Structures are given as C-alpha cells and as structure tokens.
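Worksheet: the structure to be examined is printed underneath.
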Amino acid sequence: MRMTTEELSELMADSANNAVSTTKEEFKIFLDGSEQSITTVDDVILSWLDKYKSQALEDDAVFTICNIYGAYIGEIFRKKIGGEWNYDESDPTAPYVVLNYAGSSYAFAGICYQRLVNDSQISVKEYFDKAVANNVQ
C-alpha cells in the first residue's frame, strides 16, 4: 500500500513527536524542537547503547531509534528550510524515507543509523548543519 504525501508527512510529524516523548521517558531529557537540540540527539542516540547495550542494535530497535530521530531532525529542517518527505522504494528490499528539498535528498534516519551502528564519531548535528548550509546563501 502506497502512502500519500499527506499521510507520510503526518507519519513523520508523529514520529518526531515520538522522539520527544520517548527521550523524555527514557532519559529525562526534553527535546524542544530547536536546532540546538540536535546536538542532544547526537548524545541520546549513543545513550541508547549505554542503557540497552546490544539490545539497542537489534533490527527493530535500530529501525525505531533511527526513524524517530531522523524524523525529528528532518522536521526541524523542514520547518526552517522546507522540503517534502518521500518514501523511496527504488530498492524494494530496503525502502527508506528521505526529505527532498531543492533537488537534494536528505537521509536523516540514515545518518542516525551511521552514528548508532557504524561510527559514534559521525555527528547528526554536523550533517544537519551541512544540509542547512547547502540551502541558505
């Protein structure tokens, strides 16, 4: 079943809200929707590993963590710069959501995945800042 643009936008907004509520419940940290809070997301992503160890790297947990924080960061970008969520099914075995704006696609969930799974030195805040810098003069 294919989602409409409106349904996908609603899903991503709900996921972003889920990031806020889950972070508050799990870590007693409030994400306020500001650009500055993305630095906190960098820390929170690694906090999942500290708190849940290898459980945080199970497929379902990785999917959830990366998608809610990717949505959170993407929603901040969308409100500041613009853009439209897109469900990319070019690889039917691994569909994913990106935020499209001005001919570019931003994989905010993907950068969260990189930080959580592959390299804790990767910064979602730096990725966000570069995405913003690419779109403001």
Side-chain angles (χ1 to χ4, degrees):
M1 183 180 116
R2 186 103 171 110
M3 272 190 271
T4 66
T5 301
E6 293 79 21
E7 290 168 332
L8 183 58
S9 293
E10 187 175 316
L11 173 66
M12 297 311 285
D14 288 347
S15 295
N17 288 333
N18 194 354
V20 173
S21 60
T22 301
T23 302
K24 187 175 180 187
E25 289 168 23
E26 290 288 333
F27 304 108
K28 309 296 184 248
I29 295 171
F30 181 68
L31 298 176
D32 64 5
S34 69
E35 288 181 56
Q36 295 74 25
S37 71
I38 298 171
T39 301
T40 304
V41 171
D42 265 326
D43 296 335
V44 168
I45 289 171
L46 297 183
S47 294
W48 285 99
L49 291 172
D50 292 340
K51 186 171 183 178
Y52 291 102
K53 312 291 184 244
S54 63
Q55 286 178 306
L57 295 176
E58 293 175 3
D59 287 346
D60 288 345
V62 168
F63 177 84
T64 300
I65 292 166
C66 296
N67 280 294
I68 65 172
Y69 292 109
Y72 177 79
I73 297 161
E75 283 294 294
I76 293 170
F77 181 92
R78 198 179 60 72
K79 288 173 182 155
K80 177 181 177 74
I81 304 291
E84 188 172 275
W85 290 107
N86 182 49
Y87 189 65
D88 188 320
E89 297 177 283
S90 55
D91 178 353
T93 62
Y96 60 96
V97 176
V98 294
L99 187 70
N100 291 334
Y101 180 76
S104 294
S105 294
Y106 299 98
F108 293 111
I111 198 67
C112 293
Y113 177 88
Q114 292 299 321
R115 182 164 177 83
L116 178 67
V117 176
N118 292 331
D119 184 353
S120 63
Q121 298 304 305
I122 289 174
S123 169
V124 297
K125 177 69 163 101
E126 284 180 21
Y127 181 87
F128 175 86
D129 289 344
K130 286 177 185 170
V132 169
N134 287 341
N135 292 289
V136 293
Q137 288 0 322

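For the single chain, residues carry numbers from 1 onward in sequence order. None of the values given here were measured: they were computed from a predicted structure.
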Let me confirm one number: the NZ-CD distance from Lys79 to Glu35, rounded to the nearest 0.5 Å. 12.5 Å
Would you indicate whether Lys51, at its atom NZ, is surrounded by more than 12 heavy atoms from other residues, nucleotides or ligands within a distance under 6.0 Å? yes
Residues that Asp60 engages under side-chain hydrogen bond (donor to acceptor under 3.5 Å, both in side chains), provided they are two or more places apart: none
Before giving the answer on side-chain contact (heavy atoms from CB on, under 4.5 Å), spell out for Trp85 and Arg78 the whole-Å C-alpha distance, their side-chain angles and the decisive distance to 0.1 Å. CA-CA 9 Å; Trp85 290 107; Arg78 198 179 60 72; 3.9 Å; yes
What's the separation between atom OG1 in Thr39 and atom CD in Glu126, rounded to the nearest 0.5 Å? 9.5 Å
Reported CG-to-CE distance for the pair Asn17 and Met12, which is rounded to 0.5 angstrom: 11.5 Å
Thr64 side chain to Ala61 main-chain N or O, any donor-acceptor pair under 3.5 Å? no
If we ignore angles and hydrogens, is there a donor and acceptor under 3.5 Å between the side chains of Thr23 and Tyr69? yes
Would you find more than 12 non-hydrogen atoms of other residues, nucleotides or ligands less than 6.0 Å from Tyr113 atom OH? no
So OG of Ser120 and CD of Gln114: to nearest 0.5 Å the spacing works out to 12.0 Å
Which label fits Phe27 and Trp48: parallel for a plane angle under 30°, tilted from 30 to 60°, or perpendicular past 60°? perpendicular
Whether Glu75 side chain and Tyr72 backbone form a donor-acceptor pair below 3.5 Å: no
Say whether, by atom type as modelled, one donor and one acceptor occur between the side chain of Thr22 and the main chain of Ala19 under 3.5 angstrom. no
Could you tell me whether the side chain of Glu89 reaches within less than 4.5 Å of the side chain of Tyr87, counting heavy atoms only? yes
Minimal heavy-atom distance between Ala131 and Phe108, with the atoms involved, is CB-CZ, 4.5 Å
Should the heavy atoms of other residues, nucleotides or ligands under 6.0 Å from CD of Glu26 be counted, would the total exceed 12? yes
I need the single residue from Val44, Asp129, Ile38, Leu116 that forms a side chain to side chain contact (heavy atoms under 4.5 Å, CB included) with Val124. Which is it? Ile38
Any chain of hydrophobic side-chain contacts (each under 4.5 Å) joining Val98 to Phe128? no
Do you reckon Tyr96 sits in the same ILVMFWY cluster as Ile68, going by side-chain contacts under 4.5 Å, direct or chained? no
Closest non-hydrogen atoms of Leu99 and Gly74, given as atom of the first, atom of the second and distance, are CD2-O, 3.6 Å
To the nearest 0.5 Å, how far apart are CD in Glu84 and CD in Glu6? 8.0 Å
For Val97 and Leu8, what are the C-alpha separation, side-chain angles and deciding distance, and is it a side-chain contact (heavy atoms from CB on, under 4.5 Å)? CA-CA 9 Å; Val97 176; Leu8 183 58; 4.2 Å; yes
Members besides Phe63 in its Ile/Leu/Val/Met/Phe/Trp/Tyr cluster (side-chain heavy atoms under 4.5 Å): none
Show your working on ring pair (Phe, Tyr, Trp, His ring centres under 6.0 Å) between Tyr106 and Phe77 and close with a plain yes or no. CA-CA 10 Å; Tyr106 299 98; Phe77 181 92; 5.2 Å; yes
How close do Leu31 and Ser37 get, counting heavy atoms only, and between which atoms? CD2-O, 4.0 Å
Taking atom CE of Met3 and atom CG of Asn86, what is their separation to the nearest 0.5 Å? 10.5 Å
With a 6.0 Å cut-off (strictly less than), is the heavy-atom count around CG of Asp32, excluding the residue itself, greater than 12? yes
With sequence neighbours left out, what residues match Asp119 under side-chain hydrogen bond (donor to acceptor under 3.5 Å, both in side chains)? none
For a side-chain contact (heavy atoms from CB on, under 4.5 Å) check, start with the C-alpha distance between Cys112 and Ile73, then their side-chain angles and the critical distance, and finish with the verdict. CA-CA 10 Å; Cys112 293; Ile73 297 161; 3.9 Å; yes
Does Ile76 belong to the same Ile/Leu/Val/Met/Phe/Trp/Tyr cluster as Leu11, with side-chain heavy atoms less than 4.5 Å apart forming each link? yes
Using modelled atom types only, decide if a donor and an acceptor are shared between the side chain of Asp42 and the backbone of Ser123 within a distance under 3.5 Å. no
Where do Ser105 and Asn100 land on the side chain to side chain donor-acceptor pair (under 3.5 Å) test, with the steps shown first? CA-CA 4 Å; Ser105 294; Asn100 291 334; 2.5 Å; yes
